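Just below is one structure, and these are the notes that go with it.
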Amino acid sequence: MTEHSRSPRQPRKKGAAPGGSRGSGSGTRRSEPGGRSGGKGSSKAGAKGGGPRFAGSTKPSQPTRLPDRNAPAPIDVHDPDGVRLQKLMAAAGVGSRRVCENLIAQGRVEVDGQIVTELGVRIDAKSQVVHVDGVRINLDEDRVYLAFNKPKGVVTTMHDELGRISLEDYVGNREERLFHVGRLDADTEGLLLLTNDGDLAHRLQHPSYGVLKTYVATIRGPVQRDVGKRLREGVELEDGPVSVDSFRIVDHQPGKAMVEVVLHEGRKHVVRRMLEAVGHPVLELVRTEVGPIRLADLKSGRMRRLNKAEIGALYKAAGL
């Protein structure tokens, strides 16, 4: 029996429109294509041909547009009196002039934090900072970066009033005024960095920048098992607590041991004092690394210039 032939006495199906069939007559709901009702709650938001759209609704293919934000104004790094950027990069050892031009065109070069892609840009090598692939390069040919293997007995100062052998005996004849990165006491030998880059020297030796220094110490043994844990947790010295970043035993010998200590502290005699505080006085001490720079096979009393990659690694370690 169809709905049109149903007797009035027969009960209506729940939801049927009174006095007629669904979807026909005055006051009835309009049906959607395909037979779906367009009434409240019957269609999905955003469907094609659906019911009325509500305020703020969007089509799936048209996501809500975010408000425009004011982008920082680009910085003009061009110096008309400067030197072409690719020429300075080539002179700094980045690569040939053509390679440097390609790096600029690819957007891999920054000047003072601004990406440069134009080949005609000129800059001042002494005042502006250049990064290639995030690594700073040194463009100032007047900057000096040296690694020195300080011998035992040499005082870490440019002049000693007591007449002892000092750094002046090794670099006193140079025209540049050099800074030594940190200190090594007279009885400690090993790696000392020398430079006329004052900002870099400050960052490398200040503990807040976290540049690690590695020491190899010969101490009285045997070494107790908990020594490394105690040093990592921190020991109390007369000028405050101190802790190492890393500690390991390198070698054992009868009555003594060789250990490696890594820390970013720079207090006077800090390695000797902290090892003595845990019951192991230092017999010999050598600094083998400062940040990414290693002493390697550099002979005692000799020095060498750092290469471009080492200088870039130092800048990165110091956050420059």
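What you are looking at is a predicted structure, and each value in this text was computed from that prediction instead of being measured.
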Neighbour count above 12 (heavy atom, 6.0 Å) for [X] [atom1]:
| X | atom1 | result |
| --- | --- | --- |
| E265 | CD | yes |
| E161 | CD | no |
| E175 | CD | no |

Given 3.5 Å as the limit, does a donor-acceptor pair link the side chain of [X] with the main chain of [Y], or not?
| X | Y | answer |
| --- | --- | --- |
| D160 | G163 | yes |
| E284 | A217 | no |
| T218 | M258 | no |
| N196 | V144 | yes |
| T156 | L184 | yes |
| K256 | P254 | no |
| R287 | L191 | yes |
| H78 | V121 | no |

Notebook entry, point to check: Which residue, L200, V129, L314, V130, forms the side-chain contact (heavy atoms from CB on, under 4.5 Å) with R136?
Noted result: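 Option passing the side-chain contact (heavy atoms from CB on, under 4.5 Å) with R136: V129.
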Within-4.5 Å side-chain heavy-atom neighbours: [X] and [Y]:
| X | Y | value |
| --- | --- | --- |
| V116 | V77 | yes |
| L146 | L193 | no |
| M274 | V244 | yes |
| H264 | D245 | yes |
| M89 | V132 | yes |
| V261 | T214 | no |
| K308 | I137 | no |

Using a distance-only test with no angle check, is there a side-chain donor-acceptor pair under 3.5 angstrom linking [X] and [Y]?
| X | Y | value |
| --- | --- | --- |
| D112 | Q128 | yes |
| D199 | Y315 | no |
| S127 | D124 | yes |

Would you say [Y] ends up clustered with [X] if hydrophobic residues are merged whenever their side chains have heavy atoms under 4.5 Å apart, either directly or through other cluster members?
| X | Y | result |
| --- | --- | --- |
| L231 | I249 | yes |
| V290 | V270 | no |
| M158 | M303 | yes |
| L285 | V250 | no |
| V259 | V227 | yes |

Margin query: List the residues meeting salt bridge (charged side-chain N to carboxylate O under 4.0 Å, His left out) with R272, not counting sequence neighbours, and say none if there are none.
Written below: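 Testing R272 for salt bridge (charged side-chain N to carboxylate O under 4.0 Å, His left out), a comparison that skips the adjacent residues, returns D185.
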Under a 4.0 Å threshold between the charged nitrogen and the carboxylate oxygen, would [Y] count as salt-bridged to [X]?
| X | Y | result |
| --- | --- | --- |
| D133 | R108 | yes |
| D239 | R273 | yes |
| K150 | E189 | no |
| R304 | E310 | yes |

State the [atom1]-[atom2] distance between [X] and [Y], to the nearest 0.5 angstrom.
| X | Y | atom1 | atom2 | result |
| --- | --- | --- | --- | --- |
| L194 | R305 | CG | CZ | 11.5 Å |
| S300 | K152 | OG | NZ | 11.0 Å |
| E101 | Q86 | CD | CD | 5.0 Å |
| I123 | L139 | CD1 | CG | 5.0 Å |
| S243 | E233 | OG | CD | 10.0 Å |
| E260 | Y215 | CD | OH | 12.5 Å |

Notebook entry, point to check: Of K126, R174, R177, which is the lone residue that meets salt bridge (charged side-chain N to carboxylate O under 4.0 Å, His left out) with D142?
Noted result: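 Among the candidates, only K126 passes.
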Looking only at non-hydrogen atoms, find the nearest pair between [X] and [Y] and report the distance.
| X | Y | result |
| --- | --- | --- |
| G240 | R267 | O-NH1, 3.4 Å |
| V109 | L85 | CG1-CD2, 3.9 Å |
| Q205 | H180 | OE1-O, 4.0 Å |
| I104 | E118 | CG2-O, 3.7 Å |
| H252 | A257 | ND1-CB, 4.0 Å |
| G182 | L192 | O-CD1, 3.8 Å |

Notebook entry, point to check: F148 vs Y170 aromatic rings, parallel, tilted or perpendicular, using cut-offs 30° and 60°?
Noted result: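 The rings of F148 and Y170 sit tilted, inter-plane angle from 30° to 60°.
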Checklist line | Candidate pair L320 and R203, rule side chain to side chain contact (heavy atoms under 4.5 Å, CB included), full reasoning | finding: CA-CA 9 Å; L320 290 172; R203 285 173 173 254; 3.2 Å; yes
Output side-chain donor-acceptor pairs under 3.5 Å for residues 292-299, partner residues at least two apart or in another chain, one line each.
none

Next item on the list: Starting from I115, walk the hydrophobic network (Ile, Leu, Val, Met, Phe, Trp, Tyr; side-chain heavy atoms closer than 4.5 Å) and list everyone else you reach, by chain and number.
Entry: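 Traced through the cluster, I115 reaches no other member.
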Notebook entry, point to check: When clusters are formed from ILVMFWY side-chain contacts under 4.5 Å, directly or step by step, what else is grouped with L212?
Noted result: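 Direct or chained contacts put L212 with V262.
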Side chains of residues 275-283: which donor-acceptor partners sit under 3.5 Å, not counting sequence neighbours?
{"unit_1": "H280", "atom_1": "ND1", "unit_2": "R220", "atom_2": "O", "d": "2.7"}

Side-chain donor-acceptor contacts of residues 90-100 below 3.5 Å, not counting sequence neighbours, with atom names and distances?
{"unit_1": "S96", "atom_1": "OG", "unit_2": "V99", "atom_2": "N", "d": "3.2"}

Next item on the list: Just do the salt bridge (charged side-chain N to carboxylate O under 4.0 Å, His left out) check on D197 and R143 with the steps written out, would you?
Entry: CA-CA 6 Å; D197 189 338; R143 294 280 178 89; 3.0 Å; yes
